[in-house]
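All remarks here apply to the structure that follows.
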Amino acid sequence: MGNALDLRPATPEDLDSLFELYRTVFRFHIQRIWGWNEEWQRSNFSREFESSSTTVVEVAGRTAGYVQTDRESKRLYLRNIALYPDIQGQGIGTFLIEQLQQESRECGVPLELVLFRTNPRARELYERLGFKQTGQTDAFVKMSWHAA
(Lines give C-alpha, C1' and ligand atoms only; values in the text may rest on other atoms or scores of the structure.)
Protein backbone atom coordinates (compact mmCIF):
# COMPACT_ATOMS: atom_id res chain seq x y z
CA MET A 1 0.00 0.00 0.00
CA GLY A 2 2.04 2.90 -1.26
CA ASN A 3 -0.60 5.65 -1.18
CA ALA A 4 -1.92 7.53 1.84
CA LEU A 5 -4.99 5.66 3.11
CA ASP A 6 -7.67 7.44 5.14
CA LEU A 7 -10.81 5.97 6.66
CA ARG A 8 -13.77 8.07 7.73
CA PRO A 9 -17.41 7.47 8.66
CA ALA A 10 -19.75 7.88 5.68
CA THR A 11 -22.19 10.79 5.73
CA PRO A 12 -25.51 11.16 3.87
CA GLU A 13 -23.62 13.29 1.32
CA ASP A 14 -21.62 10.16 0.36
CA LEU A 15 -24.70 8.12 -0.61
CA ASP A 16 -24.75 8.92 -4.34
CA SER A 17 -21.01 8.49 -4.91
CA LEU A 18 -20.96 5.24 -2.94
CA PHE A 19 -23.90 3.92 -4.97
CA GLU A 20 -21.92 4.68 -8.13
CA LEU A 21 -19.05 2.64 -6.69
CA TYR A 22 -21.45 -0.18 -5.73
CA ARG A 23 -22.78 -0.20 -9.30
CA THR A 24 -19.25 -0.24 -10.75
CA VAL A 25 -18.10 -3.15 -8.59
CA PHE A 26 -21.20 -5.34 -8.27
CA ARG A 27 -23.40 -4.76 -11.33
CA PHE A 28 -21.67 -7.50 -13.35
CA HIS A 29 -22.46 -10.12 -10.66
CA ILE A 30 -26.00 -8.91 -9.97
CA GLN A 31 -26.76 -8.74 -13.71
CA ARG A 32 -25.62 -12.37 -14.16
CA ILE A 33 -27.59 -13.68 -11.18
CA TRP A 34 -30.87 -11.73 -11.14
CA GLY A 35 -30.65 -8.98 -13.72
CA TRP A 36 -30.04 -5.34 -12.79
CA ASN A 37 -32.99 -3.18 -11.76
CA GLU A 38 -31.59 0.31 -11.17
CA GLU A 39 -34.52 1.57 -9.06
CA TRP A 40 -34.57 -1.49 -6.81
CA GLN A 41 -30.79 -1.52 -6.42
CA ARG A 42 -30.69 2.18 -5.50
CA SER A 43 -33.50 1.74 -2.95
CA ASN A 44 -31.89 -1.36 -1.42
CA PHE A 45 -28.50 0.35 -1.26
CA SER A 46 -30.09 3.29 0.58
CA ARG A 47 -31.73 0.94 3.12
CA GLU A 48 -28.45 -0.88 3.75
CA PHE A 49 -26.60 2.44 4.01
CA GLU A 50 -29.02 3.57 6.73
CA SER A 51 -28.95 0.30 8.70
CA SER A 52 -25.21 -0.48 8.53
CA SER A 53 -22.02 1.17 9.67
CA THR A 54 -20.35 2.49 6.51
CA THR A 55 -16.73 3.61 6.34
CA VAL A 56 -15.39 5.50 3.34
CA VAL A 57 -11.92 4.52 2.12
CA GLU A 58 -9.92 7.38 0.64
CA VAL A 59 -6.60 6.93 -1.15
CA ALA A 60 -4.51 10.00 -1.97
CA GLY A 61 -7.54 12.20 -1.21
CA ARG A 62 -9.99 10.39 -3.52
CA THR A 63 -12.86 8.08 -2.60
CA ALA A 64 -11.52 4.65 -3.43
CA GLY A 65 -13.98 2.36 -1.70
CA TYR A 66 -16.16 1.62 1.28
CA VAL A 67 -16.78 -1.01 3.92
CA GLN A 68 -20.22 -1.74 5.41
CA THR A 69 -20.58 -3.76 8.60
CA ASP A 70 -23.28 -4.79 11.04
CA ARG A 71 -22.13 -5.25 14.63
CA GLU A 72 -24.40 -7.83 16.24
CA SER A 73 -24.19 -9.53 19.64
CA LYS A 74 -23.11 -12.91 18.24
CA ARG A 75 -21.18 -11.86 15.13
CA LEU A 76 -19.53 -9.10 13.16
CA TYR A 77 -21.12 -9.15 9.70
CA LEU A 78 -19.23 -7.77 6.72
CA ARG A 79 -22.17 -6.64 4.60
CA ASN A 80 -20.13 -5.11 1.79
CA ILE A 81 -16.63 -4.16 0.82
CA ALA A 82 -16.02 -2.39 -2.47
CA LEU A 83 -12.92 -0.85 -4.00
CA TYR A 84 -12.69 0.70 -7.44
CA PRO A 85 -11.02 -1.73 -9.88
CA ASP A 86 -7.92 0.47 -10.28
CA ILE A 87 -7.45 0.36 -6.48
CA GLN A 88 -7.82 -3.42 -6.17
CA GLY A 89 -4.75 -5.61 -5.88
CA GLN A 90 -2.74 -3.12 -3.79
CA GLY A 91 -3.33 -4.73 -0.39
CA ILE A 92 -6.04 -2.30 0.71
CA GLY A 93 -8.80 -4.93 0.82
CA THR A 94 -6.51 -7.22 2.83
CA PHE A 95 -5.74 -4.38 5.25
CA LEU A 96 -9.46 -3.57 5.72
CA ILE A 97 -10.41 -7.19 6.31
CA GLU A 98 -7.52 -7.68 8.75
CA GLN A 99 -8.83 -4.65 10.70
CA LEU A 100 -12.23 -6.36 10.94
CA GLN A 101 -10.58 -9.63 11.96
CA GLN A 102 -8.84 -7.78 14.80
CA GLU A 103 -12.17 -6.30 15.93
CA SER A 104 -13.77 -9.74 15.71
CA ARG A 105 -10.96 -11.23 17.81
CA GLU A 106 -11.27 -8.48 20.45
CA CYS A 107 -15.06 -8.90 20.66
CA GLY A 108 -14.87 -12.71 20.75
CA VAL A 109 -17.32 -13.14 17.87
CA PRO A 110 -16.93 -14.60 14.37
CA LEU A 111 -16.56 -12.40 11.31
CA GLU A 112 -19.12 -13.53 8.72
CA LEU A 113 -19.96 -12.56 5.15
CA VAL A 114 -21.58 -13.70 1.95
CA LEU A 115 -20.12 -13.17 -1.49
CA PHE A 116 -21.44 -13.67 -4.99
CA ARG A 117 -20.72 -17.17 -6.32
CA THR A 118 -19.71 -15.40 -9.54
CA ASN A 119 -16.80 -13.65 -7.76
CA PRO A 120 -13.89 -16.14 -7.49
CA ARG A 121 -11.35 -13.34 -6.99
CA ALA A 122 -13.05 -12.23 -3.76
CA ARG A 123 -13.36 -15.83 -2.61
CA GLU A 124 -9.61 -16.34 -3.10
CA LEU A 125 -8.92 -13.26 -0.99
CA TYR A 126 -11.15 -14.44 1.87
CA GLU A 127 -9.73 -17.96 1.78
CA ARG A 128 -6.18 -16.55 1.86
CA LEU A 129 -7.18 -14.60 4.98
CA GLY A 130 -8.46 -17.75 6.73
CA PHE A 131 -12.20 -17.68 5.99
CA LYS A 132 -14.00 -21.01 5.63
CA GLN A 133 -17.13 -21.70 3.61
CA THR A 134 -20.12 -22.35 5.85
CA GLY A 135 -22.86 -22.65 3.24
CA GLN A 136 -24.09 -21.59 -0.15
CA THR A 137 -27.18 -20.67 -2.12
CA ASP A 138 -27.77 -20.31 -5.84
CA ALA A 139 -26.37 -16.77 -5.61
CA PHE A 140 -24.03 -16.66 -2.62
CA VAL A 141 -21.21 -18.40 -0.79
CA LYS A 142 -21.40 -17.94 2.98
CA MET A 143 -18.06 -17.67 4.80
CA SER A 144 -16.91 -17.24 8.38
CA TRP A 145 -13.66 -16.46 10.16
CA HIS A 146 -12.96 -17.28 13.81
CA ALA A 147 -9.94 -16.16 15.80
CA ALA A 148 -7.63 -19.05 16.70
Side-chain angles (χ1 to χ4, degrees), residues 1-72 75-107 109-134 139-147:
M1 285 186 335
N3 291 319
L5 177 70
D6 291 303
L7 304 176
R8 66 171 175 80
T11 66
E13 290 74 34
D14 292 310
L15 183 63
D16 288 341
S17 65
L18 295 184
F19 179 75
E20 294 300 319
L21 172 55
Y22 168 85
R23 183 194 294 126
T24 298
V25 172
F26 297 114
R27 182 175 180 147
F28 169 81
H29 303 288
I30 293 167
Q31 185 80 43
R32 285 184 64 190
I33 296 168
W34 302 289
W36 181 267
N37 177 313
E38 180 80 12
E39 187 177 320
W40 189 92
Q41 290 295 332
R42 188 175 288 277
S43 173
N44 186 65
F45 186 84
S46 294
R47 278 193 304 277
E48 290 181 351
F49 185 85
E50 288 176 17
S51 67
S52 298
S53 171
T54 303
T55 300
V56 176
V57 179
E58 294 178 340
V59 174
R62 128 176 200 242
T63 296
Y66 69 90
V67 180
Q68 277 182 327
T69 55
D70 296 331
R71 286 160 176 84
E72 302 169 2
R75 71 177 183 167
L76 175 57
Y77 181 67
L78 174 55
R79 178 177 294 280
N80 242 329
I81 184 170
L83 296 169
Y84 275 111
D86 67 312
I87 298 296
Q88 295 174 11
Q90 299 178 33
I92 296 170
T94 296
F95 170 79
L96 296 169
I97 294 163
E98 287 174 342
Q99 296 289 104
L100 293 172
Q101 288 174 317
Q102 181 62 34
E103 181 179 342
S104 164
R105 180 181 295 111
E106 289 169 2
C107 294
V109 297
L111 175 58
E112 298 179 351
L113 59 89
V114 299
L115 65 119
F116 292 116
R117 288 181 65 172
T118 54
N119 194 348
R121 191 165 171 217
R123 183 176 179 151
E124 289 171 13
L125 170 66
Y126 294 124
E127 287 175 344
R128 180 171 57 77
L129 293 172
F131 284 80
K132 303 288 185 228
Q133 181 175 329
T134 58
F140 298 107
V141 173
K142 298 176 184 180
M143 300 189 87
S144 184
W145 178 87
H146 299 263

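For the numbers below, each heavy atom of this structure counts, side chains included, while hydrogens, waters and symmetry mates do not.
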Under the side-chain contact (heavy atoms from CB on, under 4.5 Å) rule, collect the residues that match up with [X], sequence neighbours excluded.
X	value
W40	N37, N44, R47
K142	V114, T134, T137
S104	L76, L111, W145

Aromatic centroids of W34 and F26 separated by under 6.0 Å: no
With a 3.5 Å cut-off and sequence neighbours excluded, list the donor-acceptor pairs that the side chains of residues 57-64 form with protein atoms.
residue	atom	partner	partner atom	Å
E58	OE2	R8	NE	2.9
E58	OE2	R8	NH2	3.4
R62	NH1	D86	OD2	3.0
R62	NH2	D86	OD1	3.2

ring-ring contact (aromatic ring centres under 6.0 Å, His included) partners of [X], counting only residues at least two apart:
X	value
F49	none
F28	none
Y84	none

Parallel, tilted or perpendicular: ring planes of Y126 versus F131, cut at 30 and 60 degrees: perpendicular
Parallel, tilted or perpendicular, as decided by the 30° and 60° cut-offs, for the rings of F45 and F19: perpendicular
Approximate separation, where rounding is to 0.5 Å, of [X] [atom1] and [Y] [atom2]:
X	Y	atom1	atom2	answer
L15	T54	CG	OG1	9.0 Å
S52	Y66	OG	OH	10.0 Å
I81	L115	CD1	CG	12.0 Å

Considering all heavy atoms, the nearest L83-G65 contact: CD2-CA, 3.9 Å
Shortest non-hydrogen contact from Y77 toward L113: CE1-CA, 3.8 Å
Under 3.5 Å donor-acceptor, Q101 side chain and L129 backbone: yes
For [X], check salt bridge (charged side-chain N to carboxylate O under 4.0 Å, His left out) against everything at least two apart and list the hits.
X	value
D6	none
R75	E72, E112
R123	E127

Residue pair R27, Q41: steps toward the side chain to side chain contact (heavy atoms under 4.5 Å, CB included) verdict: CA-CA 9 Å; R27 182 175 180 147; Q41 290 295 332; over 6 Å; no
Validation row: T24, P85 side chains within 4.5 angstrom (heavy atoms): yes
Donor on one side chain, acceptor on other, R128 and T94, under 3.5 Å: yes
Side-chain H-bond candidate by donor/acceptor type, T11 with D14, under 3.5 Å: yes
Pairs satisfying salt bridge (charged side-chain N to carboxylate O under 4.0 Å, His left out), at least one member in residues 96-106, at least two apart: R71-E103
Residue pair I33, F116: steps toward the side chain to side chain contact (heavy atoms under 4.5 Å, CB included) verdict: CA-CA 9 Å; I33 296 168; F116 292 116; 3.4 Å; yes
Salt-bridge contact E20-R23 (side-chain N to carboxylate O under 4.0 Å): yes
Residues that T118 engages under side-chain hydrogen bond (donor to acceptor under 3.5 Å, both in side chains), provided they are two or more places apart: H29
side-chain contact (heavy atoms from CB on, under 4.5 Å) partner of L78, chosen from L96, D70, V67: V67
Steps toward side chain to side chain contact (heavy atoms under 4.5 Å, CB included) verdict (T69, R79): CA-CA 5 Å; T69 55; R79 178 177 294 280; over 6 Å; no
Neighbour count >12 (heavy atoms, 6.0 Å) for atom CD, E38: yes
